[in-house]
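Encoded as structure tokens, the structure appears first; notes follow it.
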Amino acid sequence: MITATPPPAPLSQAPHTLLAPTPSMTTSVRPARRQEAAALAELSQPFVCSGALRERPASLYAARAVDFLVAQGPGGRLDGCVGLRVHPAGPGEGRGPVGVLYNFCVAGQRQGHGVGAGLLRAVLSVARAQSLGALFTATTGGGGLFLRYGFAPTTVRLAPQSWVASLDPRRGARILARVL
């Protein structure tokens, strides 16, 4: 008998709000909407300018909106975002599907207010619900938030090869991973 695992549901099919706001937090986390592509590109722009993120056109955000969770603040303002791309196991890899976190950013005025931690908790929950075996990310910064949430430096050998091939070695990013 051959069994197949159904593909994971896109983030757009996740519950409407993944992280409900509390009295001390005015941001909720939810799946992104295709029509928010320009807002995602705008939110990411300061990080592109600093070299922390690669530039992505709004059309890419629209095409991959199902990958993204957004932190929404009062009045509908986007305070942060993170993409989760699922990578199935390649032939002979001996593992199940894993995820890659990308384009993780929090608006400057919201940094230090728990927005990034809320996004990371929500994306970890989504990854577990999709039965991913591990999460990978690349960072040009210190990666403190990732390290606090159980990520650790790893080698490119353990990461999805299609993703590793897409990384720009000139950026000097460190690869971090967390087993789920």
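Of all non-hydrogen atoms in Ser166 and Trp163, the two that sit nearest each other are OG-O, 2.6 Å. Here the shortest heavy-atom pairing between Phe151 and Leu135 reads CE2-O, 3.8 Å. Across Ala122 and Val29, no two heavy atoms sit closer than the pair CB-CG1, 3.6 Å. Here the shortest heavy-atom pairing between Ala37 and Ala62 reads CB-N, 3.4 Å. Between Phe47 and Val106, the shortest heavy-atom contact is CZ-O, 2.9 Å. Taking all atoms of both residues into account, the shortest heavy-atom contact from Val100 to Pro160 is CG2-CG, 4.0 Å.
Although no hydrogens or angles enter the test, the distance criterion places a donor-acceptor pair under 3.5 Å between the side chain of Ser44 and the main chain of Leu40. Checked by atom type and distance alone, the side chain of Thr27 never pairs as donor or acceptor with a backbone atom of Ala71 at under 3.5 Å. At distances below 3.5 Å, at least one donor-acceptor pair connects side-chain atoms of Gln161 with backbone N or O atoms of Val156.
Leu158 and Leu147 fall into different hydrophobic clusters, where Ile, Leu, Val, Met, Phe, Trp and Tyr are joined by side-chain heavy atoms under 4.5 Å apart, directly or via other members. The hydrophobic clustering, which links ILVMFWY residues whose side-chain heavy atoms are closer than 4.5 Å, places Val123 and Val86 together. Under the 4.5 Å side-chain heavy-atom criterion for ILVMFWY residues, no single connected hydrophobic cluster contains both Val66 and Leu60. Val164 and Phe104 fall into different hydrophobic clusters, where Ile, Leu, Val, Met, Phe, Trp and Tyr side chains are chained together by heavy-atom contacts under 4.5 Å. In the hydrophobic clustering of ILVMFWY residues, with side-chain heavy atoms under 4.5 Å counting as a link, Val98 and Phe146 come out apart.
Note that CG of Leu101 is 11.0 Å distant from OG1 of Thr139, once rounded to the nearest 0.5 Å. Note that the CG atom of Leu53 and the CG atom of Asn103 stand 5.0 Å from one another [nearest 0.5 Å]. Distance CG/Asp79 to CD/Gln72: 8.5 Å, rounded to 0.5 Å. Between atom CZ of residue Arg30 and atom CD of residue Glu36 there is a gap of 4.0 Å, rounded to the nearest 0.5 Å.
The aromatic rings of Phe68 and Tyr61 sit tilted relative to each other, their planes meeting at an angle between 30° and 60°.
Within the 4.5 Å cutoff, the side chain of Arg77 has heavy atoms near those of the Arg110 side chain. The shortest side-chain heavy-atom distance between Arg128 and Leu124 falls under the 4.5 Å cut-off. Between Arg85 and Ser162 the shortest side-chain heavy-atom distance does not fall below 4.5 Å.
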Do any side-chain atoms of residues 171-180 form donor-acceptor pairs under 3.5 angstrom with protein atoms, and if so which ones, sequence neighbours left out?
from, atom 1, to, atom 2, distance (Å)
Arg171, NH2, Gly51, O, 2.8
Arg171, NH2, Ala52, O, 2.8
Arg174, NH2, Gly142, O, 2.7
Arg178, NH1, Tyr149, O, 2.5

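More than 12 heavy atoms of other residues, nucleotides or ligands lie within 6.0 Å of CD in Gln45, so this atom counts as buried by the packing criterion.
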